[in-house]
Trainee: 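Would you mind keeping the following structure in view while I ask a few things?
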Amino acid sequence: MSIAERYKEIENRKNEAAKRCGRDPKEITLMAVTKTHTAAEINEAIDAGATDIGENRVQELLEKYDSVKTVRWHLIGHLQTNKVKNIIDKVVMIHSVDSLHLAEEINKRAAAAGIRMDILIEINSAMEATKSGIAAEELEKLVKVITTGLKNVRVCGIMCIPPMALEPEDARPYFKEAAELFAEMKTWDLPEENFAPTVLSMGMSGDFEVAVEEGSTIVRVGSSIFGPRNYR
Ligand SMILES: *Cc1c(COP(=O)(O)O)cnc(C)c1O
């Protein structure tokens, strides 16, 4: 199957999963995750309908940026503060904010660029040492400090990456937990210009249908669209 065919198949599965649980398929964005894949491959997905793409590494995003057709870029991997300046005018959302320090740097660079950057807070549901993300208990405090102190960022929700699993169902408890946190977040009374909790970024190739059932609004799918990755 071509990338275009696989993209359409995943989009269809995403839409069917939404309908099965009574959700409007349009509520859920299919993001194509493009790490290790070429600009030409990414353009194939865009031609097939991809509107949003996710890159993990700043350097890789910059290498491809000019060769990829117009699309909404998301940064979904761990972001070092010294690289924020390189992508601040290129991405529409940063999914992987896991410290006040990083949020402050994004705020500073967004202010310099004259924009307000949309961010998600990454939750480390299982508290795995190898993964970034904050503990669920730290979420409220961090979001309050960011939304009341940093004028040039807007907290739009949560991203979660459950532990690697063999079965899609294994991810469900983590998705449920993230969805509960997200629902709680929506009740917080924080400045509207800096707080718009509308995005729950969860679900990957192996488990995106479960994520849709649990309330995801952006699924991040890589290998099911582009095939296996060869890391350089
Ligand atoms: C690589 C990656 C994905 C996509 O993973 P697949 O299993 O290939 O679909 C999603 N989210 C993040 C943060 C990733 O790093």
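Treat the numbers as computed from the prediction; the structure is a model and nothing was measured. Order of listing sets the numbers, starting from 1, for every ligand and every atom in it.
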Trainee: Which residues satisfy the salt bridge (charged side-chain N to carboxylate O under 4.0 Å, His left out) test with Glu41, sequence neighbours excluded?
Mentor: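 With neighbours one apart ignored, the set is empty.
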
Trainee: To the nearest 0.5 Å, what is the distance between CE on Met204 and OG on Ser216?
Mentor: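 Interatomic distance, Met204 CE to Ser216 OG, rounded to 0.5 Å: 12.0 Å.
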
Trainee: Given a heavy-atom cut-off of 4.0 Å, could you list the residues near ligand 1 in chain and number order?
Mentor: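 Correct list: Val33, Lys35, Asn56, Ile76, Ile161, Met204, Ser205, Arg220, Val221, Gly222, Ser223, Arg229.
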
Trainee: Less than 4.5 Å apart, side chain to side chain, heavy atoms only: is that true for Lys151 and Asn194?
Mentor: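 Touching, per the 4.5 Å side-chain cut-off.
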
Trainee: Please report the interatomic distance CD1(Ile88) to CZ(Arg109), rounded to the nearest 0.5 Å.
Mentor: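 It is 9.0 Å, given to the nearest 0.5 Å.
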
Trainee: Taking only residues two or more places apart in sequence or in another chain, which ones pass salt bridge (charged side-chain N to carboxylate O under 4.0 Å, His left out) with Lys176?
Mentor: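 Glu214.
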
Trainee: Please enumerate all residues that pass salt bridge (charged side-chain N to carboxylate O under 4.0 Å, His left out) together with Lys144, with sequence neighbours excluded.
Mentor: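 So Lys144 forms a salt bridge (charged side-chain N to carboxylate O under 4.0 Å, His left out) with Glu140.
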
